[in-house]
Amino acid sequence: MNRRGFLGVVGAGAAGVLAGCWPDARAFQAGDAPDVELALTARSGLCPLLPGAQTPVWQYSGRVLKGPREVLSTWPGSYLGPVLRLNKGQRVRVHFTNALAEPSIVHWHGLDVPDTADGHPRFMAQPGGQYTYDFTVENRAGSYWYHPHHHHRTGVQVYQGLAGLLLISDAEEQRLNLPAGARELFCVLQDRTFDAGNRLVYHADMGMAMGMGEMSGFFGTRLLVNGALPKTTDVATVPYRIRLLNGSNARVYKLAWSDGVPVTLIATDGGLLERPLTKPYLVLAPGERAEIIADFRRMPLGATRELRSEPIPSGPFLMNMGGRGRGRGRMTQAIPDLTGAVATFRVTAAEHSDFELPDRLTTFTSDWQTDAAMPPARVVGVDFMRMSWLLDGRVFGMTDVAAEETVVAGTKAVWEFDNSGASSMGMRLAHPLHLHGRQFRVLDRVRAPGVGAADNDRLRDGFTDEGWKDTVLVMPGERVRVLIRFSHHPGLYLYHCHNLEHEDMGMMRNYRIIPRPPI
Ligand code: C2O
Ligand code: CU
Ligand code: CU
């Protein structure tokens, strides 16, 4: 399996192939013909992940009903769903069929779409049922993804294999001529635990009501990359674009090059940065994406280089009951260590490339700027009380919205995620907080003095706060302020912790966007 391009996908068209004619981004009205029409099905299957027996998984499969064939490409030997490639401005219709034995619904993570197309759990498709999505692609170019959003079962459904990449391109990105085709690679990071029969194990201790496992989230004992074991990829002496997604349930990764070269970051959750940045390492929390440029031009033929997963501290991620838990061994457990190569690149071909990464990639719109007259920040407390994870003191209710969770379409607001309060019996974990419907800007992080300082210092240089984000890792003791311009689509959207076990336990809330009143 060491063949070239494993980290790529078979059947993918070169970037730019979809560039044809772009419809204008007017609203997609019922009755309008879509530019792209897809069928997507979730069903159980078998995947050859480990030597020996195949692993039972759940997976998405797809078919293009209308539009260029290159919209959809499949991964060989992987449980991941097809990679979907869309262009800004396209009108898209997706017919989702649920062939699982339990309800499910698909969410397009990171996309700004009408609420009926967002995959809220109130729209769940029953077993054998269908759901049709209509939306116009309004997002800028970037690496987005799709996954189920069943309330209480998102964790297990993603764990069983339901996830896929959704890549958006636009004219601005295409002008940059970033490495494409065989020079575009993917790293979808997930951790899994297998039993002796190669079956996936999710929370062996699920029977124990409120075990520490559920409180912290699921941590697997094996690293999977692109829905398979990590591989060696043959590369040429040219630059590559690598799109990274942390599709794990709870695990945070710290990624660095084996030769100590800094990581060149060009894009985060919501697409390109204004300028490329270098970081000593990258920290990727569940739900987060990053795009990096890997330049193999100066490497000799035969040389190898690894993108490595570095050790992470357990403190911010594992529940610690302090004095109350002593004597119960499992409470002092560490996270199963997944240190090692995420991907190994072996230089096997001499090729030439003139590609120079421009020092200006894009210019952010005025959405990036704070307005002079903005209301004070809404503080969203992040707490653990009565054995529940809470946002602003509440757990999820299917259509529950509080007054402070009601916002006006197209307006700007600052929300402050406060993970520093003293009210949680000392139970402070890191939480990747995610907002549906919109990319936001991270304004600042303020750390309460002393709290988790040493652990925080081991990760903070890898945070990707410089780009458009839909998920931000809020560390213990931190208050993180984000600037949001809400979508122009009215409706009911979610914000939640993207630790999927926390989400399933109710660490999720709705917010409602009401139409802007006529002036
Ligand atoms: Cu990937 Cu509601 O999230
Ligand atoms: Cu989402
Ligand atoms: Cu959480």
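Excluded from the calculations below are hydrogen atoms, water molecules and symmetry mates; all remaining heavy atoms, backbone and side chain alike, are included. In listed order, ligands and their atoms are each counted from 1.
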Completion exercise
For the Cu ion (ligand 2), the nearest N/O/S atom on His434 is atom NE2

Exercise for the section: Run the salt-bridge test on Lys279 and Asp461 with the 4.0 Å N-O cut-off and return the result as yes or no. Expected result: no

Problem - Ring centres under 6.0 angstrom apart (His120, His149) - result: no

Exercise for the section: Determine, using ring centers only, whether Trp145 and His434 are less than 6.0 Å apart. Expected result: no

Problem - Polar side-chain atom of Tyr511 near backbone of Glu404 as donor-acceptor pair, under 3.5 Å - result: no

Problem - Asp191 (side chain) donor-acceptor with Leu338 (main chain) under 3.5 angstrom - result: no

Practice task
Please confirm if an N, O or S atom belonging to His109, backbone or side chain, lies less than 2.8 Å from the Cu ion (ligand 2).
Solution key: no

Exercise for the section: Output yes if His149 passes the N/O/S-under-2.8 Å test against the Cu ion (ligand 2); output no otherwise. Expected result: no

Handout entry: Presence of N, O or S from His498 under 2.8 Å of the Cu ion (ligand 3)
Key = no

Exercise for the section: Specify whether an N/O/S atom of His107 falls short of 2.8 Å from atom 1 (Cu) of ligand 1. Expected result: no

Exercise for the section: Please state whether the separation between atom 1 (Cu) of ligand 1 and some N/O/S atom of His109 is under 2.8 Å? Expected result: yes

Problem - His431: its N/O/S atom lying closest to the Cu ion (ligand 3) (atom name) - result: ND1

Practice task
Hey, can you tell me if Tyr131 and Phe123 have their rings parallel, tilted or perpendicular (30° and 60° cut-offs)?
Solution key: tilted

Practice task
Could you label the plane-to-plane angle of the Phe186 and Trp75 rings as parallel, tilted or perpendicular, counting under 30° as parallel and over 60° as perpendicular?
Solution key: perpendicular

Handout entry: Angle at the Cu ion (ligand 3) (to 10°), with one arm to SG of Cys497 and the other to ND1 of His502
Key = 130°

Problem - Where atom 1 (Cu) of ligand 1 is the vertex, angle from His498 NE2 to His147 NE2 to 10° - result: 110°

